[in-house]
Amino acid sequence: MILTGYIKDTFAASRLLKFSTDSNFIHVDYSYKIFNHLERSNGFIWNAMMRAYSQRNHPQKAILLYKLMVEKNVCPDKYTYPVVVQAVSTRVDALEGKEIHSHVLKMGFDSDVYVGNTLINMYAVCGDISDARKVFDEMPVLDLVSWNSILAGYVQMGDVEKAKLMFDQMPRKNVIASNSMIVLFGRSGRVSEARQLFDEMDERDLVSWTALISCYDQNEIYEEALATFTEMYARGITVDEVLIISVLSACANLLVVKTGALIHGLALRIGIDSYRCISGSRDAPKSDIPKNVATDLWTEVLKGF
DNA sequence: GGCGTTGCAC
């Protein structure tokens, strides 16, 4: 492109930069070199570069680039703000978020649904649910992502009642919304409500199953977690690493419970359950387990596996 | 002209 001179063509150059930032095999620093050598740039080129920084764990560089963009009088467009607001969300910086939000208002992009959705998400991530709600309430057009984003805000706050209210008001619900509610019910110890919602869903995905299994995990119903996994597996659903971790967690805890019960049973048989260090009883005299008994215990426990 | 937003584990 340099030889033919096509590098001077802004559109052609923008395609080159986009190719570079989209490739997992090209370092973001190399993309920046391309970016820096382009003679004429436009909004698209700046947006692509900021997005590359944000996606590759350099949100601060994305924000700095945005400030440089404003300094250089390159006009931000409606595509710029989802990228910048997203970068701010990653850094969980509410103050910087407010500043960017004021730019959005000044530029008049607050009516764009993509911009609004990222703002809801940004405030929710920063734990500023009332500001998230304010953005939501003032948006001229809401879509499914807007509803899911504000719902996620209440889920993060652990506000079951507000989340339920939102969920019920949604004009259309998708699998993401239901999954969020299952997660919230799980965290709040409302296992039967989680299960009921799961059963009522028309469409479930891997996240739905993972959310339910981890709900059982978190509420220490490990047998049910494994039973759910078995049911899922029987249906031929492909698993991923997140699900496997939830299942392993259930297995490990079940093992702890079983081992605990096994040790207790052995302790009863050997007749040392009244010892304070085992039963925790205040009345029992404090004593150590004799060495040979402890060894016998572990031999028995290991046989159980 | 081409670009942007939401959910699961430890």
Side-chain angles (χ1 to χ4, degrees), chain A residues 9-19 21-22 41-52 54-55 62 66 76-90 104 109 112-125 132 135-136 139 141-156 163 166-167 170 172-187 194 197-198 201 203-218 225 228-229 232 237 239-253:
Chain A
D9 180 298
T10 308
F11 183 70
S14 75
R15 301 309 304 169
L16 177 70
L17 181 68
K18 190 74 173 70
F19 165 79
T21 56
D22 282 349
S41 65
N42 58 12
F44 179 94
I45 288 168
W46 285 80
N47 295 345
M49 196 61 234
M50 287 188 288
R51 197 169 139 70
S54 190
Q55 283 183 334
Y66 166 74
D77 58 22
K78 63 173 183 170
Y79 294 100
T80 307
Y81 289 100
V83 179
V84 180
V85 174
Q86 186 65 33
V88 173
S89 308
T90 318
V104 168
F109 292 125
D112 185 277
V113 69
Y114 282 89
V115 176
N117 291 347
T118 43
L119 282 171
I120 294 172
N121 178 245
M122 185 269 293
Y123 282 122
V125 164
V135 173
F136 178 88
M139 278 167 69
V141 179
L142 296 167
D143 67 4
L144 201 47
V145 177
S146 324
W147 283 93
N148 284 338
S149 301
I150 192 72
L151 186 66
Y154 289 121
V155 170
Q156 195 195 279
M166 270 331 226
F167 185 69
M170 285 177 79
R172 207 159 61 80
K173 300 174 181 65
N174 67 350
V175 68
I176 294 180
S178 301
N179 291 349
S180 302
M181 288 305 293
I182 292 173
V183 169
L184 180 59
F185 284 138
R187 284 185 198 151
L197 180 56
F198 180 87
M201 287 168 72
E203 180 207 342
R204 302 181 193 100
D205 64 8
L206 187 54
V207 178
S208 321
W209 288 93
T210 309
L212 185 65
I213 289 170
S214 97
C215 161
Y216 286 129
D217 262 335
Q218 285 163 5
T228 306
F229 171 67
M232 192 204 125
I237 298 166
V239 303
D240 71 354
E241 74 282 4
V242 178
L243 184 96
I244 289 301
I245 289 166
S246 301
V247 173
L248 281 176
S249 171
C251 289
N253 283 301

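Below, chain A is the first sequence line, B the second, and so on; all start at residue 1. What you are looking at is a predicted structure, and each value in this text was computed from that prediction instead of being measured.
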Given [options], identify the nucleotide with an atom nearest to the side chain of [X].
{"X": "A:Val83", "options": "B:dG7, B:dA9, B:dG4", "answer": "B:dG4"}
{"X": "A:Asn42", "options": "B:dG2, B:dT5, B:dG4", "answer": "B:dG2"}
{"X": "A:Lys18", "options": "B:dG7, B:dT5, B:dC3", "answer": "B:dC3"}

Base, sugar-phosphate alone, or nothing: which one does [X] contact when heavy atoms must sit under 4.0 Å apart?
{"X": "A:Val183", "value": "sugar-phosphate"}
{"X": "A:Val85", "value": "nothing"}
{"X": "A:Val115", "value": "base"}
{"X": "A:Asp77", "value": "base"}
{"X": "A:Asp217", "value": "nothing"}

Ignoring backbone atoms, establish whether [X] has a side-chain N or O less than 4.0 Å from OP1 or OP2 of [N].
{"X": "A:Gln86", "N": "B:dT6", "result": "yes"}
{"X": "A:Arg51", "N": "B:dT5", "result": "yes"}
{"X": "A:Gln218", "N": "B:dA9", "result": "yes"}

Roughly how many Å is it from [atom1] in [X] to [atom2] in [N], rounded to a whole number?
{"X": "A:Ile213", "N": "B:dC10", "atom1": "CD1", "atom2": "P", "value": "13 Å"}
{"X": "A:Asn253", "N": "B:dC10", "atom1": "CG", "atom2": "P", "value": "10 Å"}
{"X": "A:Tyr79", "N": "B:dC3", "atom1": "OH", "atom2": "C1'", "value": "6 Å"}
{"X": "A:Asn47", "N": "B:dC3", "atom1": "CG", "atom2": "C1'", "value": "7 Å"}
{"X": "A:Arg187", "N": "B:dC10", "atom1": "CZ", "atom2": "C1'", "value": "13 Å"}
{"X": "A:Ile45", "N": "B:dG4", "atom1": "CD1", "atom2": "P", "value": "16 Å"}
{"X": "A:Leu16", "N": "B:dG1", "atom1": "CG", "atom2": "P", "value": "21 Å"}
{"X": "A:Tyr154", "N": "B:dT6", "atom1": "OH", "atom2": "C1'", "value": "16 Å"}

Parallel, tilted or perpendicular: ring planes of A:Tyr81 versus A:Phe109, cut at 30 and 60 degrees: tilted
State whether the aromatic ring of A:Phe44 stacks on the base of B:dG1, taking stacking to mean ring centres under 5.5 Å apart and ring planes under 30° to each other. no
According to a cutoff of under 5.5 Å between the ring centres and under 30° between the ring planes, does A:Phe11 stack with the base of B:dG2? no
Donor-acceptor pair under 3.5 Å, A:Asp112 side chain vs B:dG4 base: yes
Would you say A:Trp46 and A:Ser41 are linked by a side-chain donor-acceptor pair, where the criterion is simply a distance under 3.5 Å? yes
N/O donor-acceptor pair under 3.5 Å between [X] side chain and [Y] backbone:
{"X": "A:Arg204", "Y": "A:Phe198", "result": "yes"}
{"X": "A:Asp217", "Y": "A:Ala250", "result": "yes"}
{"X": "A:Ser180", "Y": "A:Ile176", "result": "yes"}

Mind running side chain to side chain contact (heavy atoms under 4.5 Å, CB included) on A:Val85 and A:Val115 for me, showing each step along the way? CA-CA 8 Å; A:Val85 174; A:Val115 176; 5.5 Å; no
